[in-house]
Amino acid sequence: MSDKSEKTERAERLSVFKTYKLYVGGKFPRSESGRVYEVSDSKGNWLANVPLSSRKDARDAVVAARKAFGGWSGATAYNRGQILYRIAEMLEGRREQFVREVADAEGLSKSKAAAVVDSTIDRWVWYAGWTDKIAQVVGGGNPVAGPFFNLSSPEPTGVVAVLAPQESSFLGLVSVLAPVIATGNTAIAVASEQSPLPALSLGEVLATSDLPGGVVNVLSGRTAEIAAPLAAHQDVNAIDLAGADDVLAKELEIAAADNLKRVLRPQPVDYAETPGIDRMTAFLETKTVWHPTGSLGASGSSY
């Protein structure tokens, strides 16, 4: 074959476009409805068709999250930290892909997108370090008037719905998702409506990073359409409204009140800053245990 024919063959090759899918229960289904919608970059150029999740997809994600909750909440905090660190390792290996997707999604230069991806990877590591320390910060022994040990310890709330920030498609998503699972909860993450590609690609990373299926479930589509059934769902224990506007947030709060969900309201956040522990403690319950120490005599305590 001549050099000319080889060049012609290479020029005629068509790129293999990526098919983006949901991430539910450790698997990659298309939307139950069969619907998709177009996603474009900041300049209006078409990037991909992504699944347009339905109410049924939201309910399936809740079932998967509930099924995974027992095993994930029962895992040791150290083991959860190992898995979150493994997620950071896998992201590091696919850094260039995420730099490209973040740049397209948020209209950033390659250097700025690289800085965002690096911060996102570091954010996973940061929360990985907190998994076995948060109990020491927010729990402990309580002084009581009586012959008792009184100990308080944090426990995960349960299944948490997370509406990812709309503008920060990757760093913002991880900043609201990582603290939920770091403390033993399971999550349904609703990706940024206009820029869902980094979130959907994150699902591929989670699937290969030792995270049990169902601990994180990623849905794409219309935020309001997916969030409504999640807020009203009786088996969802809490909801983070980071990605909701004021009108939608109010509607979801009303729906969430039906089963007394914990609600984290939208608030201005600079996701580039080092986070505190507020997003971890927002989805923790405190269990207090009383245990008798024995009789108290004049000579002191008897154990």
Side-chain angles (χ1 to χ4, degrees), residues 23-27 61-94 119-140 151-162 164 170-190 199 201-219 235-240 242 262 264 271 274-287 289:
Y23 181 58
V24 178
K27 299 179 180 180
V62 174
V63 171
R66 178 57 64 189
K67 184 177 180 181
F69 177 68
W72 183 243
S73 61
T76 65
Y78 179 73
N79 181 235
R80 288 199 298 269
Q82 287 180 307
I83 292 173
L84 264 66
Y85 187 83
R86 176 63 174 165
I87 294 171
E89 288 181 342
M90 299 300 290
L91 280 174
E92 191 78 49
R94 296 177 63 166
S119 294
T120 305
I121 296 170
D122 294 345
R123 189 63 41 91
W124 279 113
V125 175
W126 195 85
Y127 279 112
W130 268 105
T131 56
D132 58 356
K133 300 173 184 66
I134 188 68
Q136 301 170 53
V137 174
V138 298
L151 304 174
S152 292
S153 61
E155 293 189 339
T157 295
V159 174
V160 181
V162 178
F170 194 40
L171 177 57
L173 165 71
V174 169
S175 296
V176 298
L177 176 61
V180 170
I181 65 171
T183 49
N185 299 289
T186 54
I188 302 102
V190 180
S201 291
L202 177 63
E204 298 171 4
V205 171
L206 299 177
T208 56
S209 58
D210 302 330
L211 188 74
V215 172
V216 173
N217 305 275
V218 183
L219 303 177
D235 205 25
V236 174
N237 303 105
I239 186 167
D240 185 341
R262 282 177 172 249
L264 186 59
Y271 293 108
T274 301
I277 64 171
D278 292 352
R279 277 202 136 80
M280 286 186 283
T281 58
F283 303 115
L284 286 173
E285 307 285 351
T286 300
K287 177 178 73 177
V289 177

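Because the structure is a prediction, the values reported are computed rather than measured.
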Student: Please confirm whether the backbone N or O of Y127 pairs with a side-chain atom of T131, one donor and one acceptor, at under 3.5 Å?
Tutor: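 Checked: no pair found.
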Student: Which distance, rounded to the nearest 0.5 Å, do you find between the OG1 of T281 and the CG of L264?
Tutor: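 If I round to the nearest 0.5 Å, the distance is 9.0 Å.
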Student: For F69 versus G158, what's the shortest heavy-atom pair and its separation?
Tutor: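 So the minimum-distance heavy-atom pair works out to CE1-CA, 3.5 Å.
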Student: Between L177 and L202, is there a side-chain heavy-atom distance shorter than 4.5 Å?
Tutor: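 Heavy-atom side-chain distance check passes, below 4.5 Å.
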Student: Less than 4.5 Å apart, side chain to side chain, heavy atoms only: is that true for T286 and V138?
Tutor: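 Answer no - side chains too far apart.
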Student: Given side chains that start at C-beta, do those of T76 and D132 come closer than 4.5 Å, heavy atoms only?
Tutor: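 No, side chains not in contact.
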Student: Could you tell me if the side chain of N237 sits less than 4.5 Å from the side chain of F283, heavy atoms only?
Tutor: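 The answer is no; the side chains never approach within 4.5 Å.
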Student: To the closest 0.5 Å, what do you measure between OH (Y85) and CD1 (I121)?
Tutor: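 The CD1 atom of I121 is 11.0 Å from OH of Y85, to the nearest 0.5 Å.
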Student: Could you check whether any side-chain N or O of R262 sits under 3.5 Å from a backbone N or O of L284, counting only pairs where one atom can act as donor and the other as acceptor?
Tutor: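 Yes, because the side chain of R262 sits within donor-acceptor range (under 3.5 Å) of the backbone of L284.
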Student: Mind checking the CD1-CG spacing from I83 to L206? Nearest 0.5 Å is all I need.
Tutor: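 Between atom CD1 of I83 and atom CG of L206 there are 11.0 Å.
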Student: NZ of K133: more than 12 outside heavy atoms within 6.0 angstrom?
Tutor: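 Correct, the count exceeds 12.
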Student: Where do G214 and A68 come nearest, in terms of heavy atoms and distance?
Tutor: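 Minimum heavy-atom contact is C-CB, 3.6 Å.
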Student: If only atom types and distance count, is the side chain of R123 paired as donor or acceptor with the main-chain N or O of A178 below 3.5 Å?
Tutor: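 Pair absent, no side-chain N/O of R123 close to backbone of A178.
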Student: Could you measure the distance from the CD1 atom of I277 to the CD1 atom of I134? Nearest 0.5 Å is fine.
Tutor: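 Answer for the CD1-CD1 pair, I277 versus I134, is 4.0 Å.
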Student: If I take atom CZ from residue R94 and atom OG1 from residue T208, how far apart are they, to the nearest 0.5 angstrom?
Tutor: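 These two atoms lie 6.5 Å from each other.
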Student: With the side chain counted from C-beta on, respond yes when R279 and D240 share a heavy-atom pair under 4.5 Å apart, and no when they do not.
Tutor: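 Yes. Closest side-chain heavy atoms under 4.5 Å.
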Student: Between atom OG1 of T120 and atom CD1 of I87, what is the distance when rounded to the nearest 0.5 Å?
Tutor: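 T120 atom OG1 to I87 atom CD1 measures 13.0 Å (nearest 0.5 Å).
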Student: What's the shortest heavy-atom distance between Y271 and A242, and which atoms?
Tutor: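 Looking at all heavy atoms of both residues, the closest pair is OH-CB, 4.1 Å.
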Student: Can you see which heavy atom on R86 is nearest to which on S209, and at what distance?
Tutor: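 Where R86 meets S209 most closely, the heavy atoms are CG-O, 3.4 Å.
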Student: Using only atom types and a distance under 3.5 Å, with no angle test, would you say the side chain of N217 pairs donor to acceptor with the backbone of A189?
Tutor: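 Flag not set: sc N217 to bb A189 has no pair under 3.5 Å.
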Student: Between G81 and A128, which heavy-atom pair has the shortest distance, and what is it?
Tutor: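 Result for this residue pair: O-CB, 3.4 Å.
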Student: Closest approach of A182 and R80, non-hydrogen atoms and distance?
Tutor: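 Shortest heavy-atom contact: O-NE, 3.3 Å.
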Student: Partners of W72 by ring-ring contact (aromatic ring centres under 6.0 Å, His included), sequence neighbours excluded?
Tutor: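 Per chain and number, W72 pairs via ring-ring contact (aromatic ring centres under 6.0 Å, His included) with no residue.
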Student: Give every residue pair that meets the side-chain hydrogen bond (donor to acceptor under 3.5 Å, both in side chains) criterion with at least one member in residues 181-190, sequence neighbours excluded.
Tutor: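 Those involving residues 181-190 are T183-N185.
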Student: So L173 and V218, do their side chains get closer than 4.5 Å, heavy atoms only?
Tutor: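 Not touching, per the 4.5 Å side-chain cut-off.
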